[in-house]
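Numbers here simply count residues along the sequence, with the first being 1.
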Amino acid sequence: MKFSILITSYNKGDYIEKCIKSCLNQNEKNYEILIFDNFSEDNSDSIFSKYLNSIQLFKENKISDHPPINQIDLLKKAFIKSKGDIICLLDGDDYFLPEKLYEIKKGFLENINADVIFDIPTIVDDNKEYRFKSKEKLQKNIWPKIIPTSSISLKRHFMQTCINDCLFENYNFLEVDFRINVYARNIKKN
């Protein structure tokens, strides 16, 4: 099982090095790191240059004034370049814990019919860490709590299904995490 870590970035210079290092420090070693950047105007390039032997870096112009559309564009292009069986999404200002890929692999092996795994992120706020909490729904018709982008891992065929089913088209303000959460959990129910 090979992992493709797809990192999207724009002006994430304050965070991108921790993000890259977290991928390089995984205890599971069968992975590739693809970073797609919208021509950052901060110090990102100097950080990228330190890791060019370990990452695949691609620069793409923004296609929209809407950040969600630019991120989706980068993810679609990264997916085309990727080779992994499992696609792990990662925002340039987030990072993975060292066991992330191992735990995702274990989760897919234990749940062979699952197409997507939403892992529970650790949130860092004011240098304090806490686990993301999903609240109980009082009504069954309310949207589910949205698991953030960096906590979404998909089987390759499911990412292709999302693209084929035009999940990432239209609706300029809809973030990729919302789209995948609702599609996987409420529509595909997998």
Taking only residues two or more places apart in sequence, or in another chain, which ones meet Ser54 in a side-chain contact (heavy atoms from CB on, under 4.5 Å)?
Leu24
Does NZ or CZ of Lys77 come closer than 6.0 Å to the centre of the six-membered ring of Phe36, within 45° of the ring's axis?
no
Would you say Asp73's side chain and Ile69's backbone share a donor-acceptor pair under 3.5 angstrom?
no
Could you check whether any side-chain heavy atom of Leu74 comes within less than 4.5 Å of a side-chain heavy atom of Tyr10, counting everything from C-beta outward?
no
What residues form a side-chain contact (heavy atoms from CB on, under 4.5 Å) with Asn11, not counting sequence neighbours?
Ser40, Glu41, Asp42
Check ion pair Lys2-Glu28 (N to O, under 4.0 angstrom):
no
Joint hydrophobic cluster, Met1 plus Leu6, side-chain heavy atoms closer than 4.5 Å:
no
For Tyr171, does the six-membered ring have the charged nitrogen or CZ of Arg179 within the cation-pi criterion, i.e. under 6.0 angstrom from the centroid and within 45° of the normal?
no
Please tabulate, for side-chain N and O atoms in residues 147-160, each donor-acceptor pair with protein atoms closer than 3.5 Å (sequence neighbours left out).
from, atom 1, to, atom 2, distance (Å)
Ser150, OG, Asp91, N, 2.9
Ser150, OG, Asp94, OD2, 2.7
Ser151, OG, Asp119, O, 3.4
Lys155, NZ, Ile112, O, 2.6
Lys155, NZ, Ala114, O, 2.9
Arg156, NH1, Ser82, OG, 3.0
Arg156, NH1, Gly84, O, 2.9
Arg156, NH2, Phe79, O, 3.2
Arg156, NH2, Ser82, O, 3.0
Arg156, NH2, Ser82, OG, 3.3
His157, NE2, Asp115, OD1, 3.0
Gln160, NE2, Asn164, OD1, 2.9

Note, Tyr31 side chain near Ser4 side chain (heavy atom, < 4.5 Å)
no
Quick one: does Lys29's side chain have a donor or acceptor within less than 3.5 Å of a partner on Gln26's backbone?
yes
Check the side chains of Glu17 and Tyr51 for a donor-acceptor pair under 3.5 angstrom, ignoring hydrogens and angles.
yes
